[in-house]
Trainee: 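Pasting in a structure now, in structure tokens, and then I'll have a few things to ask.
Since the structure is predicted, the reported quantities are computational estimates derived from the model, not experimental observations.
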Amino acid sequence: MTMQQIAEQVGVSKFAVSQALSGKPGVAEETRMKIVQAANELGYFWKARLIRKSSPSGPESKSKSAATAKSTVIILMPNVRFQSRESLFWGRIIDGVSAALAEREVGVMMVTENYSERSLKSINPDGVLGLIGIGYIATQLLLEIRHAGIPFVLVDHEDPLIPSDTVFMNNYDCMRQMTSIVVQSGHRDVRFVGSPKYSRSFHDRWLGFRITMEEAGLPVPVPSEDPLLQLEDDAYLIVDKEIPMLVQQNRLPSAFVCANDFFAYLVMKALVANGVKIPADVSVTGFDHTDEETDPRLPPLSTIHVPNAILGRRAVEMLFDRLEEPERPFEKTLINGNILLRDSLKKEKEGGE
């Protein structure tokens, strides 16, 4: 498969194909999407990788353990959207990946910079066994990785243009369970906190909440009309404005179901600051089990435990499975978590709403 064949199918120049597949500017986004889709359909990316692997530099009789010991796996986590090594959520995933690679005696290269054309230029693909991508990674960077022929697995992220093996928390089912518990505890006026557009995980958590509410015959806020469903990097500003207004207008719901613990703690702080008692007046739930807030005014948060380290370990297993069987279909693994019911949620025995 050549760039010329892709160009002929899409109806663009070979230069445009080259620019699009290398993540370079100068190609309209709609055209770039068509080129990437055609490349995936025609098997361009896989052919490039298989050709590289079919020309080993050493004897074919070299044992797999010896080859693996001299190889490196890249852990890629661009420093965007609060993703950092110091984060309790992301850091635990990295720990899981690192531990699994150490057990296999594989070298590790940690890359945390934002996307740039130089990000992978200095890396020799022939010296890299594969890559584990953690969190949000821009399409352009994923294109560059795929074009370099480096096998990769993504954790908590997927790109519709670039199929790959992925590992996710079972966000949809776990949020359905939590929302069901909230509803069964007597709550009828429930608000979701977090933007469904922020990430695939948030989108799945929103769907779990929405479907459960609809099945219970309860009203569901419209994302475009609810400021709390538009929380992203400016979450502080929106919460600090919306919560006092709800208190003043006597429009507080009986419960807030939050997309993650970070938003849950923001909401609880704003509620307490405005004289609202948790959970006597309003219940709050989170997701992730980071336990990063130590404010003594706040009750222990009801949340969903995410086995972050296991997500990281599973990604490593999937990478090695891919190396064993390069042609097998891509897989998406979902890992369940545990519901942790704590003092921030009013229990059913305390009375319905």
Side-chain angles (χ1 to χ4, degrees), residues 3 6 10 12 16-40 44-46 48-49 73-87 89-91 93-94 97 109-123 125 128 130-169 171 194-204 230-235 259-260 311-312 315 318-319 322 330 332:
M3 290 189 185
I6 298 173
V10 180
V12 297
V17 173
S18 176
Q19 293 293 100
L21 296 183
S22 61
K24 295 180 179 179
V27 181
E29 190 59 32
E30 182 178 355
T31 302
R32 185 190 303 279
M33 292 175 66
K34 291 181 179 179
I35 291 172
V36 174
Q37 182 176 358
N40 278 311
Y44 175 79
F45 295 121
W46 288 114
R49 181 175 61 75
V73 169
I74 298 172
I75 299 178
L76 173 64
M77 188 178 71
N79 188 20
V80 295
R81 294 187 174 185
F82 304 108
Q83 296 171 186
S84 70
R85 181 68 178 83
E86 293 71 32
S87 164
F89 181 84
W90 302 108
I93 296 177
I94 294 174
V97 173
M109 176 186 294
M110 186 76 191
V111 179
T112 58
E113 63 187 57
N114 291 327
Y115 171 77
S116 72
E117 292 188 8
R118 299 174 301 175
S119 57
L120 292 178
K121 300 297 185 184
S122 60
I123 298 174
V128 175
L131 180 147
I132 305 291
I134 300 176
Y136 173 79
I137 300 175
T139 298
Q140 290 179 321
L141 183 49
L142 289 176
L143 278 173
E144 189 174 337
I145 296 166
R146 174 61 56 85
H147 189 59
I150 301 175
F152 62 89
V153 176
L154 301 180
V155 181
D156 202 55
H157 179 63
E158 62 184 358
D159 193 305
L161 290 178
I162 309 173
S164 67
D165 295 308
T166 58
V167 184
F168 279 89
M169 175 68 181
N171 295 290
S195 172
K197 297 180 180 180
Y198 186 69
S199 66
R200 180 53 191 264
S201 291
F202 275 28
H203 180 261
D204 288 347
Q230 300 167 27
L231 298 190
E232 294 196 12
D233 295 341
D234 57 352
N260 65 7
L311 267 68
M318 293 179 73
L319 177 61
R322 172 60 58 192
F330 290 118
K332 180 175 183 176

Trainee: Taking all non-hydrogen atoms of both residues into account, name the closest pair between L143 and I162 and its distance.
Mentor: N-CD1, 3.7 Å
Trainee: Indicate the atoms forming the closest heavy-atom contact of I134 with W90, along with that distance.
Mentor: CG2-CE3, 3.6 Å
Trainee: Rounded at 0.5 Å granularity, tell me how far CD1 in I137 sits from CG in L131.
Mentor: 6.5 Å
Trainee: Search all heavy atoms of I132 against all heavy atoms of A315 and return the closest pair with its distance.
Mentor: CD1-O, 3.7 Å
Trainee: Starting at CZ of R200, measure out to OG1 of T166 and round the result to the nearest 0.5 Å.
Mentor: 8.5 Å
Trainee: Nearest 0.5 angstrom please: E144 CD to L142 CG, how far?
Mentor: 10.0 Å
Trainee: On a heavy-atom basis, which atom in D204 and which in N171 lie closest, and how many Å separate them?
Mentor: CB-CB, 3.8 Å
Trainee: Contact between L231 and Y198 at the side-chain level, heavy atoms closer than 4.5 Å - yes or no?
Mentor: no
Trainee: Which distance, rounded to the nearest 0.5 Å, do you find between the OG of S199 and the OH of Y136?
Mentor: 11.0 Å
Trainee: Indicate yes or no for a side-chain donor-acceptor contact from R146 to the backbone of P163 under 3.5 Å, with no hydrogens or angles considered.
Mentor: yes
Trainee: List the atom of R322, the atom of P151, and the distance in Å for their closest heavy-atom pair.
Mentor: CG-CB, 4.4 Å
Trainee: Just how far is it from atom CG of L154 to atom CE of M318, taken to the nearest 0.5 Å?
Mentor: 9.5 Å
Trainee: Return the CD1 to CE distance between I93 and M169, rounded to the nearest 0.5 Å.
Mentor: 10.5 Å
Trainee: Given L76 and I145, is the side chain to side chain contact (heavy atoms under 4.5 Å, CB included) satisfied, shown in steps?
Mentor: CA-CA 11 Å; L76 173 64; I145 296 166; 3.6 Å; yes
Trainee: Taking C-beta and beyond as the side chain, do K34 and V12 meet within less than 4.5 Å on heavy atoms?
Mentor: no
Trainee: Over all heavy atoms of both residues, which pair between S201 and F168 is shortest? Give the atoms and the distance, please.
Mentor: OG-CD2, 3.8 Å
